[in-house]
Amino acid sequence: MDFKQHIIDKIIEITDLDRETVTGAVETPPDEKMGDLAFPCFPLARIMHKAPPAIAAELAERLSGDEYIEKAQAQGGYLNFFFNRAKYIKDTVTAAREAGSDWGKSDIGGGKTVLVEYSSPNIAKPFHIGHLFSTAVGNSLARIYKHLGYNVQSLNHLGDWGTQFGKLICAYKRWGDRAVIEKDPINELLKIYVKFHEEAEKDPALDDEAREYFKKLEDGDKETTELWQYFKDISLVEFKRVYDMLGVEFDSYNGEAFYSDKMDEVVEILRDKNLLTESEGAQVVDLSDLDMPPCIILKSDGATIYATRDIAAALYRHRTYDFYKNIYVVGLPQSLHFKQIFAVMDKAGWDWSKGCKHVGFGLVKLPGKAMSTRHGDVVFLEDVLNESIEKTREIIEKNNSKVDDIDDAAKKIGIGAILYTFLHSSREKDIVFSWESMLDFEGESAPYCQYGYARGRSILRRAEGVDYESADLSKAASDEAYTLIKQLGAFGDAVKDAAEKNEPFYINRYVTALVKLFNKFYTTNPILKDDVDEETRKARLAIVDAVTKTIKIALNLLGIDTVESM
Ligand code: ARG
């Protein structure tokens, strides 16, 4: 039973207000002492020709006391509702336990297709911390949308095309050594790429050579294409190692190169619609009416660029998936780029482009030397993940924690700690990485939440044999249980809010609060102690069961694994 809905129905029944007004007006009071829900009676004043406090008093009398409402109380112009706590606990815990892993799910997605594009690293370049931010947010959003019944496709728009590949091929031809590259592919490719820039500064002829190589690549020349494929293959091996560590999977790895033969059509369409104008030899779409710089479609040498490939990709995605939403999880520095391409698509009359959305995120600051790396200046992501796992292992050992498999636990907790940090605040905020807070088992962190889960699991294990399936939950109706179960009941809303705002931190905040309340619950409401009567024990165990399952689902929506003991 949905208590809020029940109250809304009753208010509608006895007032003549429409559903929308009542639904919009019912709110959660700022303080629990003022009840579970409040209805401000101000909209009724004009209809009933009475002052709001008088209306509240009258309604209070007519609405008080039924199976769900303990009492309705007038306070000023507000009508405050107090739920029947025992009933609320019973209904909510039962619903959560019956739903199992479906708890918090809804069918608002109705099978509509949501594309989540994220991670999208660049071939032959390090997978950097910004790509990890994108991966954390995108992976979580993909899971959240799935939970809401959307058909989700995870897309990795690899940066595998562009003039830089001409440079890389040129560098490889001059200084590349396959045996050396094979040992540490991305680092070595990066080295020769950097060397290319140094040398080209002294000898500009190198740039011409690189341009020729890229031209060859565009024309499908066998040798250059093979080299490009080789760079792509060895880069993907490295990227996939990171994705495996993170438990991330993609439905498509179609990168920029995939669209290289799909751009002529875009240029033609834009030309047909008279959207292309010439500017300094380049073909651009003028966006001055929108106060934006022009979007370059063809460079003066006729080469297409990043934006053109993105427009071709959007058109392809529309045709292939007929998406409801096409989400780009890409850093905020690219905001203008996305505004421009969306504007071009809008000018082209593609009304489906309204479903395209840039979901941006802030910068990541690594505090000085704290993030050590074997690679000098560039922070290699794998190093950061491994360092987190290593540090976690040390903490587990120092704490003498009871873990079943220390390798497995260190990995799940260490990686969870990093993911949690990315998803802790509104994504547009910058993040400062700090090992202390990331691995603080008592602060707001993944280990803190994972520990709460493990505690719950340990209680259930120790209670083995106690049959709490049909527990009488009214036996557990304490203040702490009630606050905890109210949070339990708010899960579905948190998932919906997270999707609506494309903000996984709603789930993060939700689960952290749930664990806090859970800790308070099991420390003040003894469960396994001898003097707890059997019926109360059963009721409390049923709560532990529902809450631990919810912690697991919520953490999973953030991409974070749980461990059974810690
Ligand atoms: N590869 C790009 C980068 O590393 C990100 C790609 C973003 N996605 C897109 N459709 N433009 O900056």
Side-chain angles (χ1 to χ4, degrees), residues 114-139 141-142 153-165 167-168 186 189-190 193 228 231-232 235-236 238-240 242-243 248 250-260 262-263 266 285 292 295-297 304-321 323 325-346 350 352-353 355-364 378-382 422 427-428 502:
V114 171
L115 308 180
V116 188
E117 185 215 284
Y118 61 96
S119 200
S120 310
N122 302 318
I123 294 304
K125 294 258 184 73
F127 190 128
H128 62 67
I129 209 93
H131 294 126
L132 181 59
F133 202 159
S134 167
T135 310
V137 172
N139 177 46
L141 287 179
Q153 297 288 315
S154 294
L155 312 180
N156 195 328
H157 189 75
L158 290 175
D160 57 0
W161 205 248
T163 47
Q164 69 272 27
F165 288 95
K167 296 176 185 170
L168 186 62
I186 296 195
L189 291 177
L190 185 66
Y193 185 69
W228 169 83
F231 298 151
K232 185 166 169 173
S235 302
L236 273 177
E238 303 235 334
F239 297 159
K240 284 189 176 158
V242 172
Y243 295 141
V248 167
F250 292 94
D251 299 297
S252 162
Y253 277 93
N254 285 342
E256 294 185 45
F258 180 78
Y259 303 101
S260 61
K262 297 175 181 56
M263 288 183 286
V266 168
V285 176
M292 278 189 257
C295 183
I296 303 173
I297 301 295
T304 57
I305 59 163
Y306 188 53
T308 330
R309 290 191 281 278
D310 253 328
I311 297 170
L315 182 59
Y316 173 85
R317 289 177 190 174
H318 161 65
R319 287 175 180 161
T320 310
Y321 302 103
F323 57 75
K325 277 191 198 177
N326 175 24
I327 292 170
Y328 299 84
V329 186
V330 182
L332 284 173
Q334 294 194 33
S335 290
L336 178 61
H337 162 75
F338 285 106
K339 279 197 191 115
Q340 287 177 303
I341 63 161
F342 296 163
V344 171
M345 287 164 15
D346 188 46
W350 297 343
W352 49 263
S353 71
C356 294
K357 176 136 183 73
H358 173 213
V359 168
F361 53 83
L363 300 172
V364 187
V378 199
V379 177
F380 271 65
L381 184 75
E382 230 177 316
F422 281 113
R427 57 185 154 70
E428 298 201 350
N502 291 307

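Not measured: the values here are computed from a predicted model. First listed ligand is number 1; within each ligand, the first listed atom is number 1. Along the sequence shown, residues are numbered consecutively beginning with 1.
- At a 4.0 Å cut-off, at least one heavy atom of His131 sits close enough to ligand 1 to count as contact.
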Please test Tyr118 against Phe250 for ring pair (Phe, Tyr, Trp, His ring centres under 6.0 Å), starting from the C-alpha separation and ending with a verdict. CA-CA 9 Å; Tyr118 61 96; Phe250 292 94; 4.8 Å; yes
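- Side chains of His157 and Arg317 form a contact here, defined as non-hydrogen atoms less than 4.5 Å apart.
- Residue Phe127 does not touch ligand 1, judged by heavy-atom distances below 4.0 Å.
- In this structure, Lys262 is positioned above the aromatic face of Phe258, its NZ or CZ under 6.0 Å from the six-membered ring centre and within 45° of the axis.
- From the protein, the heavy atom lying nearest to atom 8 (N) of ligand 1 is Glu117 OE2, 2.7 Å.
- Atom 6 (C) of ligand 1 has its nearest heavy-atom neighbour, among Tyr306, Tyr259, Tyr328, Tyr118, in Tyr306.
- For the pair Gln334 and ligand 1, a heavy-atom separation below 4.0 Å is found.
- Distances below 4.0 Å separate heavy atoms of Ser120 from the following atoms of ligand 1: 1 (N), 2 (C), 4 (O), 5 (C), 6 (C).
- Looking at Tyr243 and Asn156, their side chains do bring a donor and an acceptor atom within 3.5 Å of each other.
- Judged purely by atom type and a 3.5 angstrom limit, Ser134 uses its side chain to pair as donor or acceptor with the backbone of Ser119.
- In this structure, His358 contributes its side chain and Val329 its backbone to no donor-acceptor pair below 3.5 Å.
- Scanning the protein heavy atoms around atom 1 (N) of ligand 1, the nearest turns out to be Asn122 OD1, 2.7 Å.
- For ligand 1, the atoms closer than 4.0 angstrom to any heavy atom of His157 are 8 (N), 9 (C), 10 (N).
- Interface of Phe338 with ligand 1, defined as ligand atoms under 4.0 Å from a residue heavy atom, comprises 9 (C), 11 (N).
- Near Asp310, the atoms of ligand 1 lying under 4.0 angstrom from a non-hydrogen atom of the residue are 9 (C), 10 (N), 11 (N).
- Results of the side-chain contact (heavy atoms from CB on, under 4.5 Å) test with Val359 over Ile327, Leu332, Val330 single out Ile327 as the only residue that passes.
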